[in-house]
Number of protein chains: 2
Amino acid sequence: MTSAARARRVTIADVAREAQTSTASVSYALNGRPGISEATRERVLEVAARLGWSPASAARALAGAGADTIGLVLTKDPRDLSVEPFYMQFIAGVESALAVRSRGLLLEVAADADAEVEAIRRWRGSRRVDGVLLTDLRPHDQRIAVVREAGVPAVAVGDPSAAAGLTTVWTDDAAAMRQAVQHLAALGHRRITRVAAPRRYAYTAIRDDAFDQTARACGLDHDIVRSDLSEDAGAVATRAVLSSPRPPTGLIFDNDIMAVAALTTAHQRGLSVPGDVSIIAWDDSLLCRLVTPGLTALSHDVVALGAQAARRLLDVIDGAEPAVYQEATPMLQVRASTGPAPTEA
Amino acid sequence: MTSAARARRVTIADVAREAQTSTASVSYALNGRPGISEATRERVLEVAARLGWSPASAARALAGAGADTIGLVLTKDPRDLSVEPFYMQFIAGVESALAVRSRGLLLEVAADADAEVEAIRRWRGSRRVDGVLLTDLRPHDQRIAVVREAGVPAVAVGDPSAAAGLTTVWTDDAAAMRQAVQHLAALGHRRITRVAAPRRYAYTAIRDDAFDQTARACGLDHDIVRSDLSEDAGAVATRAVLSSPRPPTGLIFDNDIMAVAALTTAHQRGLSVPGDVSIIAWDDSLLCRLVTPGLTALSHDVVALGAQAARRLLDVIDGAEPAVYQEATPMLQVRASTGPAPTEA
DNA sequence: TTGTAAGCGTTATCAG
DNA sequence: CTGATAACGCTTACAA
């Protein structure tokens, strides 16, 4: 008949009483800290387990220990979020790294950059998180100033040039873009177009530059079309590009969704892929493998990226100095959507 | 030169001093509670804003108020998680509902059912969450006993028959399955197979039964093949089924991933879809639209489901009585992967 | 309407 | 090594 005890929670005071010692010793024992005899420690641990004690993280956080939680705020419309495989992969990676150190992940979807900053401020003020992960870096990102000023441990995911000295996890997008352009050049394409993400992302300029330079070096006609990352925008951009007087024979997209949309658009217009136009996607996901023809894509391990970012953040929380970690450069995964350039009419 | 003040955080005591009142009044003012004059309230609010005060949720939670956070624990291998569009859609929906009430989402990926229960216990003990969302209900789900016993507000997402009286958000999977079977029957199919999720999910038995009954009612040869929800397992199951002496001409899958895998498998074996075999997927996602031929699928709004679940959980946290909420029944979205049964050889 | 003070469950300091 | 005891920031009776 233990039902009477059900309502109250077990505290370290209970454990201390039962183990005939003080709360301080219990705290030491439970946190594996020195300054306590092995005998007491074992007794405390045994009693805690028997009583079913579990730490009240609120109290712990309040007393100055960590919250054992990191924060991730995504700036996306929820419905877009759900369609981008990237984020779920990233989150999955983060979780896998957090799980082994039993940390939690606090997730928030913000409507815009201001809401994002607001969330970070709120979190740090409320001691809910020990640190934050910053994705989708923007040029002159205000979040970086905020975390720095507020002293919030943070890791930026994106190009170091946009991270202003914060610990950074990045992939070499410029090198990846070079591969893509050179692949098309090697296949004999003379006119290529890049369908790019908005300028508000820091990586956009980097990919823009790499695209321009490599295309020029290869002596290709080249052009950049600005789009957003949605399916619709990808289709619209593709239609416009393919309707031009001398349409390009190679297209490079900034994500997989737009590339798939382009594939559909090309088919609708009776164009063959890769017979009439070759398509390259960025972010190789299930989608790229499953469509017909399979999409040649710049493939990288987003799950690993998320895991690495989370691990580095835990380091930073533990006091590590800022550092820059480069992940594997996205590799061009060649599939059926790229082929020899069509011979001129 | 405000740099000296940077380290300390602003507390209600600071606000009280500055506003020349007590911490109690500040608390009342900040929480919009009665028992304070309008004049002081405004003064407090103004001072709080000026000082940049933000609530310490740790302290708040410790003092007995809520944590303003709900928990969601997913039992999946992280890499599988990232491939299932369902979860990201669900999370996106949850976030959208939470955002309007400025609540956070604590996410955890558990390796197995025990880890899941452990997470819930830990959360409730640590006062990190005000309530939890339960997805992927299992028959006799231990989590239900746990939340009940621990008095954790919870909402189950799944069939009410598995939710044991908890507030539940569900879709009528039996009705959805009937549509799928009748669709195939109407197209003249005489032999159909269901490639099903593992029995550990509560919905599996419900879909099994509906499949059997409807197929029998329609006078069809029918069979159920057990699989897991992965791409590989879907391909394996499809190969096995199509190799049988008298293969079925219609296949119904329990998710979209397996259905897409089946499509690829059929093509590899030189079979036409829907010429030789018709395919129906569950959970209509981008994938189903984008593959060729497009997949006929049971389509439902998972984002809305997540939003509804989150809203109902907030109700429960606010003391609402248990209730059952039925969401729209998945609708059969007919695409090119289903067609008339092939004429017997 | 206001202010005082007692928790909430830990951690951390500092004498024994 | 051990045990009181004071924070931590907020909520909430209870007094004034």
Side-chain angles (χ1 to χ4, degrees), chain A residues 7-45 47-48 51-69 121-130, chain B residues 7-45 47-48 51-69 121-130:
Chain A
R8 245 183 52 72
R9 49 196 340 291
V10 180
T11 75
I12 55 168
D14 300 323
V15 176
R17 190 173 341 100
E18 187 80 7
Q20 317 213 40
T21 179
S22 69
T23 62
S25 300
V26 171
S27 178
Y28 287 143
L30 259 15
N31 292 308
R33 220 158 298 191
I36 181 177
S37 70
E38 204 46 47
T40 338
R41 162 159 306 162
E42 287 190 4
R43 187 155 32 90
V44 167
L45 259 27
V47 170
L51 263 40
W53 174 86
S54 75
S57 84
R60 200 171 248 180
L62 187 55
D68 284 355
T69 301
R121 282 230 170 79
R122 184 158 28 83
W123 280 349
R124 109 95 198 185
S126 62
R127 297 204 175 170
R128 289 158 82 98
V129 301
D130 301 326
Chain B
R8 244 182 54 72
R9 51 198 337 288
V10 181
T11 74
I12 57 167
D14 301 324
V15 175
R17 194 175 335 104
E18 186 80 9
Q20 317 212 41
T21 179
S22 69
T23 61
S25 299
V26 171
S27 178
Y28 287 145
L30 260 14
N31 293 310
R33 220 156 300 191
I36 181 178
S37 72
E38 205 46 49
T40 27
R41 161 159 300 155
E42 288 191 4
R43 186 155 34 89
V44 166
L45 259 27
V47 170
L51 263 40
W53 174 86
S54 73
S57 84
R60 198 171 252 180
L62 189 53
D68 284 356
T69 300
R121 281 230 170 79
R122 185 157 28 82
W123 280 349
R124 110 95 199 186
S126 62
R127 299 206 172 168
R128 289 160 82 100
V129 301
D130 300 326

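Atom set for the values below is all heavy atoms of this structure, side chains included, hydrogens, waters and symmetry mates excluded. Proteins come first, then strands; the chains are lettered A, B, ... in the order of their sequence lines, and each starts at number 1.
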Among residues 21-32 of chain A, which ones have heavy-atom contacts with DNA chain D below 4.0 Å? A/T21, A/S22, A/T23, A/A24, A/S25
Sequence-distant partners of [X], side chain to side chain donor-acceptor pair (under 3.5 Å), two or more places apart:
| X | result |
| --- | --- |
| A/T69 | B/R128 |
| A/R60 | A/N31 |
| A/T40 | A/S37 |
| B/R43 | none |

Compare side-chain N and O positions of [X] against OP1 and OP2 of [N] and report whether any pair is under 4.0 Å apart.
| X | N | result |
| --- | --- | --- |
| B/R33 | D/dT12 | yes |
| B/R60 | D/dT11 | yes |
| A/T40 | D/dC1 | no |

The helix from C/dT1-D/dA16 to C/dG16-D/dC1: angle between end helix axes, five pairs per end, rounded to 10 degrees: 40°
Once you round it to whole Å, what is the distance between [atom2] of [N] and [atom1] of [X]?
| X | N | atom1 | atom2 | answer |
| --- | --- | --- | --- | --- |
| B/R128 | C/dC8 | CZ | C1' | 17 Å |
| B/R127 | C/dG9 | CZ | P | 5 Å |
| A/E38 | D/dT2 | CD | P | 10 Å |
| B/R43 | C/dT2 | CZ | C1' | 11 Å |
| B/L51 | D/dG9 | CG | C1' | 15 Å |

Does B/A56 have any side-chain contact (heavy atoms from CB on, under 4.5 Å) partners at least two apart in sequence or in another chain, and if so, which? B/R9, B/A59
Between C/dT11, D/dG9, C/dG9, which nucleotide has the shortest distance from any of its atoms to the side chain of B/T11? D/dG9
With sequence neighbours left out, which residue pairs that include part of residues 18-28 of chain B fulfil the salt bridge (Lys or Arg N to Asp or Glu O under 4.0 Å) condition? B/E18-B/R50
Selection residues 19-36 of chain B - residue pairs positive for salt bridge (Lys or Arg N to Asp or Glu O under 4.0 Å), sequence neighbours left out: none
Which is true for [X] with a 4.0 Å heavy-atom rule: it touches a base, it touches only sugar-phosphate, or it touches nothing?
| X | answer |
| --- | --- |
| A/G64 | nothing |
| A/S54 | sugar-phosphate |
| A/I36 | sugar-phosphate |
| A/R41 | nothing |

Is any side-chain heavy atom of A/V26 less than 4.5 Å from a side-chain heavy atom of A/W53? no
Measuring only between side-chain heavy atoms, which start at C-beta, is A/L45 closer than 4.5 Å to A/E42? no
Nearest-nucleotide wise, let me know which of B/Q20 and A/I12 is further upstream toward the 5' end of DNA chain C. B/Q20
